[in-house]
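Have a look at the structure below before the remarks.
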Amino acid sequence: MKKNTRRQFLRQTSLATLSGIALTNQALLANAAQSKIASKDPWDAAQAIVNRFAQGLKFRDEDFLITAFGAQECELQDVAGWVSFEEQTNLPTPKSGSFDAYSAIAAAISACHKAGGGRVIIPKGNWYCAGPIVLLSNVHVHLQAGAHIFFSNQPDDYAKYGTIDCGANGRLVISRWQSNDCLNYSPMVYAFGQTNIALTGEDWTSILNGQGGVPFNEAGDCWWTWKGKQRTINSVGQGTTPNFSAGKMSENTVNPRNAKALQELAEISSADAVLIQGEGERWRADAAYLPALSEANVALPKRVFGKGHYLRPPMIQLIGCDKVLLQGYQVKDTPFWQHHPVNCRDLKIHQVLAKSHGPNSDGFDPEACEYVLVDSCTFDSGDDCIAIKAGKNRDTQYGPSQHIVIQNCTMQSGHGAVTLGSEMAGGIQHVYAQNLLFENINWATNPLNMAIRLKTNMNRGGFLRHFYVRNIRIPNGVQTSPSYYASLPGSPIASRTVATAAGAVITFDCDYAPVADNVRTRPPEVSDVHISNVQVGNVQSRTGRHSCFQAIVILGPVASDYNGQLPMPTMLPVSNVTIENCDFGSTVNREQPLYLYNVQNLRLKNVVINGESMNKTLNA
């Protein structure tokens with residue numbers, strides 16, 4: 001507890017410093033020490049992070065079998081459901097009236113915790129769980145081979161057991177949704193403020209199934225229907241949302257339950273309210289309403305969602321936890337992000353198969369976490385495989401994400417294989433990615449959009465610095481057609497001209513989906529990136545053998561997007577990026593294999609594109 005309190009204090013002190021409070025001598029010395037570390041070989045720093053996890057976690061030697069607490073297996077039936085944005089098939093699901101193992105699992109975890117810790121065993125078999133698995137300190141939950149947990153696909157089952165009674169909205173938990181704090185449906189696996197916890201499986205037949213595409217009503221709606229309208233222009237294999245049609249409620253549909261004006265919830269000036277709310281009522285849709293509450297400094301107790309709202313919970317969310325192991329299981333068909341640790345320290349995810357092709361099915365999204373190791377995992381995702389986050393709008397109290405190593409992993413499908421952002425207002429630094437295979441197995445029908453991706457904008461802001469990547473193989477390239485985001489009126493970046501949504505191997509996008517955010521007052525800062533030994537193969541596209549649409553897209557901050565008070569803050573270019581010893585294969589866009597805007601000191605060393613070697617420094 002003392003370590004966590006100290007960590008929070010230090011992070012809050014850092015945030016206060018950004019507001020103009022003078023650094024103490026101690027903080028100055030700490031910053032100098034950090035700069036000294038950063039100047040050394042970055043891969044030595046990466047190895048030091050790996051070494052932190054060498055000993056592993058320890059648990060008391062006692063097993064708690066869930067069947068000893070009354071759990072019974074369930075029988076299955078096949079139903080028509082969704083397995084991706086656009087594909088339906090028959091899916092196994094528990095029969096109506098199946099035994100609910102929620103209480104037995106909760107009782108086993110509670111008994112284990114009260115005994116001082118140990119291991120909770122979920123044996124081989126099919127288990128129906130109509131509520132969350134809540135992890136507690138010193139408890140190791142282990143799925144044996146062949147153990148398959150089918151979490152209820154009924155949203156109301158995740159508004160029954162939370163610690164906060166929100167009346168008609170249900171019993172909810174403290175959560176984060178796209179990096180904003182809220183009270184919401186519980187994730188399927190949840191922990192808050194716990195230490196020394198583990199969730200493991202014996203192998204990938206140990207399955208945590210979120211049933212995100214299994215219908216929960218007669219209309220055929222499922223968790224994924226709540227995504228609503230897709231916004232990416234020229235997306236491939238993800239152009240629709242399962243069972244959604246115009247007029248249905250979703251996260252992007254105006255929700256009449258939400259306040260009609262921010263002044264109903266917070267003391268805020270008319271000018272600030274106009275800026276935050278924008279034109280019309282679009283801001284009252286749940287996905288826009290929560291960020292608006294953050295911008296208006298509305299306190300957490302008033303950010304109530306749950307029943308009557310449409311913010312899908314993450315599958316596995318751990319908040320404020322230390323010493324965490326996630327290992328050896330398969331997670332599939334999740335309502336939203338697959339793994340979302342927030343403000344966690346010393347977390348290892350190892351040999352996990354993260355497989356979900358639904359909307360927003362990011363594989364692993366560590367947010368404001370430090371000392372994280374992602375090792376030997378496989379990601380097969382409907383969104384980013386890995387996306388490092390760090391708060392959004394004003395919810396930056398946990399500080400940056402930092403000291404993260406990603407290694408020996410395979411990325412099969414998704415938007416970005418290794419992504420930073422888009423929610424990164426607290427900053428991201430000291431991230432190391434090495435020895436990765438971006439396999440892109442569905443390249444013909446639902447390809448990997450990009451390989452290495454940064455996304456931020458004038459709303460999300462934040463910083464990225466000290467990002468290192470090496471030894472990446474991409475045998476089947478990435479998407480060979482361009483996808484786009486709409487631009488704001490007056491932008492020098494015209495809509496449908498820069499392929500920042502898909503099509504490049506490396507994309508640094510500081511103008512990510514700009515029309516999605518009303519408040520655009522925080523210029524991002526990107527610097528000190530080193531990428532080496534990326535090898536990209538070609539596939540047979542409609543126009544020949546190609547690896548991508550463009551090799552590199554670097555779009556720095558766009559000053560015209562700013563809509564805050566004058567004088568405008570400095571718009572720093574993306575700077576000090578080195579790309580070396582790479583072969584990007586053959587681009588579809590041979591006339592412009594690179595796109596650069598507001599970039600300074602991009603160094604290309606032995607970079608091969610379309611068979612031509614480049615050795616030069618570029619500014620744009």
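Any value given below was found using the heavy atoms of this structure, including those in side chains, with hydrogens, waters and symmetry copies removed.
By the 4.5 Å heavy-atom criterion applied to side chains, T500 and Y484 are not counted as neighbours. Side-chain contact between L199 and L143 is present, with heavy atoms from C-beta onward closer than 4.5 Å. Side-chain contact between L57 and H140: absent, with no pair of heavy atoms (C-beta onward) separated by less than 4.5 Å. Under the 4.5 Å side-chain criterion, counting only non-hydrogen atoms from C-beta, P366 is in contact with I388. Side-chain contact between P359 and P242: present, with at least one pair of heavy atoms (C-beta onward) separated by less than 4.5 Å. Inter-residue side-chain proximity for N606 and S613 is flagged as met; some heavy-atom pair is nearer than 4.5 Å. By the 4.5 Å heavy-atom criterion applied to side chains, V536 and C548 are not counted as neighbours. In this structure, V558 and Y597 have side chains that are in contact, with non-hydrogen atoms separated by less than 4.5 Å.
When the shell of 6.0 Å around NZ of K348 is examined, it contains more than 12 heavy atoms from other residues, nucleotides or ligands.
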- Any chance you could lay out the side-chain contact (heavy atoms from CB on, under 4.5 Å) test for N252 and R231, step after step, and finish with the verdict? CA-CA 10 Å; N252 294 315; R231 299 185 182 276; 3.9 Å; yes

- Query: Can you list the steps and then say if D383 with H415 is a side-chain contact (heavy atoms from CB on, under 4.5 Å)?
  - Reply: CA-CA 5 Å; D383 207 310; H415 288 183; 3.1 Å; yes

- Check step by step if side-chain contact (heavy atoms from CB on, under 4.5 Å) holds for M188 and I149. CA-CA 10 Å; M188 279 86 253; I149 299 177; over 6 Å; no

- Message: Go through it in stages, so that I can follow the logic: the residues are T578 and R603, the test is side-chain hydrogen bond (donor to acceptor under 3.5 Å, both in side chains), and I'd like the CA-CA distance, side-chain angles, deciding distance and then a yes or no.
- Response: CA-CA 5 Å; T578 299; R603 295 180 292 270; 2.8 Å; yes

- Test V469 against V418 for side-chain contact (heavy atoms from CB on, under 4.5 Å), laying out the working first. CA-CA 10 Å; V469 181; V418 173; 5.9 Å; no

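Between Y432 and H430, the ring-plane angle classifies as parallel under the 30° and 60° cut-offs. Ring pair W226/W223 is perpendicular by interplanar angle, where above 60° counts as perpendicular and below 30° as parallel.
Between I472 atom CD1 and I531 atom CD1 the span is 9.0 Å, to the nearest 0.5 Å. The SG atom of C222 sits 9.0 Å away from atom CG of N153, with the distance rounded to the nearest 0.5 Å. To the nearest 0.5 Å, atom CG of residue D322 and atom OH of residue Y371 are 12.5 Å apart. From Q550, atom CD reaches atom CD of E591 across 10.5 Å, with rounding to the nearest 0.5 Å. If you take OH on Y190 and CD1 on I133, they are separated by 15.0 Å, rounding to the nearest 0.5 Å. Distance check, rounded to the nearest 0.5 Å: CG of L602 to CD1 of I579 gives 5.5 Å.
In this structure, the side chain of Q330 engages the main chain of W204 through a donor-acceptor pair within 3.5 Å. Looking only at distances, a side-chain donor or acceptor of R522 sits under 3.5 Å from a matching main-chain atom of N459. Under the 3.5 Å distance criterion, the side-chain polar atoms of W224 are matched with a main-chain donor or acceptor of T334. Without hydrogens or angle criteria, T225 side chain to N243 main chain gives no donor-acceptor distance under 3.5 Å. Remark: side-chain polar atoms of N180 are paired, donor with acceptor, to backbone N or O of K392 under 3.5 angstrom. At distances below 3.5 Å, not a single donor-acceptor pair connects side-chain atoms of R312 with backbone N or O atoms of F336. Looking at S547, its side chain does come within 3.5 Å of a backbone N or O of F584 through a donor-acceptor pair. A donor-acceptor pair under 3.5 Å is absent between the side-chain atoms of W177 and the main chain of P313, judged by distance alone. N610 places no side-chain N or O within 3.5 Å of a backbone atom of R590 that could act as its donor or acceptor partner. At least one donor-acceptor pair under 3.5 Å links the side chain of E202 to the backbone N or O of A145.
Of all heavy-atom pairs spanning D181 and L290, the tightest one is O-CD1, 3.3 Å. Here the closest non-hydrogen pair linking R176 and I319 is N-CD1, 4.4 Å. The minimum heavy-atom distance between I474 and A451, with the atom names listed, is CD1-CB, 3.6 Å. The shortest heavy-atom contact between G426 and F463 is O-CE2, 3.8 Å. In terms of heavy atoms, S175 sits closest to Q317 at OG-OE1, 2.6 Å. Between L436 and A433, the shortest heavy-atom contact is CD1-CB, 4.0 Å.
D203 and T205 form a side-chain donor-acceptor contact under 3.5 Å, judged by distance and modelled atom types alone. In summary, the side chains of S179 and D395 do not present any donor paired with an acceptor at a separation below 3.5 Å, with no hydrogens or angles considered. H142 and T200 are linked by a side-chain donor-acceptor pair at a separation below 3.5 angstrom, with hydrogens and angles left out of the test. Donor-acceptor pairing under 3.5 Å is recorded for the side chains of Q402 and Q429. T93 and Q211 share a side-chain donor-acceptor pair at under 3.5 Å. In this model, no donor atom of one side chain and acceptor atom of the other lie less than 3.5 Å apart for S541 and T480. For the residue pair N533 and N471, a side-chain donor N or O sits within less than 3.5 Å of a side-chain acceptor on the partner. If you check the side chains of S413 and N446, you find no donor sitting under 3.5 Å from an acceptor.
The side chain to side chain donor-acceptor pair (under 3.5 Å) check on N449 picks up Q479, with sequence neighbours excluded. T241 meets the side chain to side chain donor-acceptor pair (under 3.5 Å) test with Q230; sequence neighbours excluded. With sequence neighbours left out, D346 forms a side chain to side chain donor-acceptor pair (under 3.5 Å) with R52.
No option in E580, H530, Q434 other than Q434 meets the side chain to side chain donor-acceptor pair (under 3.5 Å) test with R470. The one candidate from V331, D365, L208 that meets the side chain to side chain contact (heavy atoms under 4.5 Å, CB included) condition with Q338 is V331. Just one residue in the list T507, D509, D384 forms a side chain to side chain donor-acceptor pair (under 3.5 Å) with K455, and that residue is D384.
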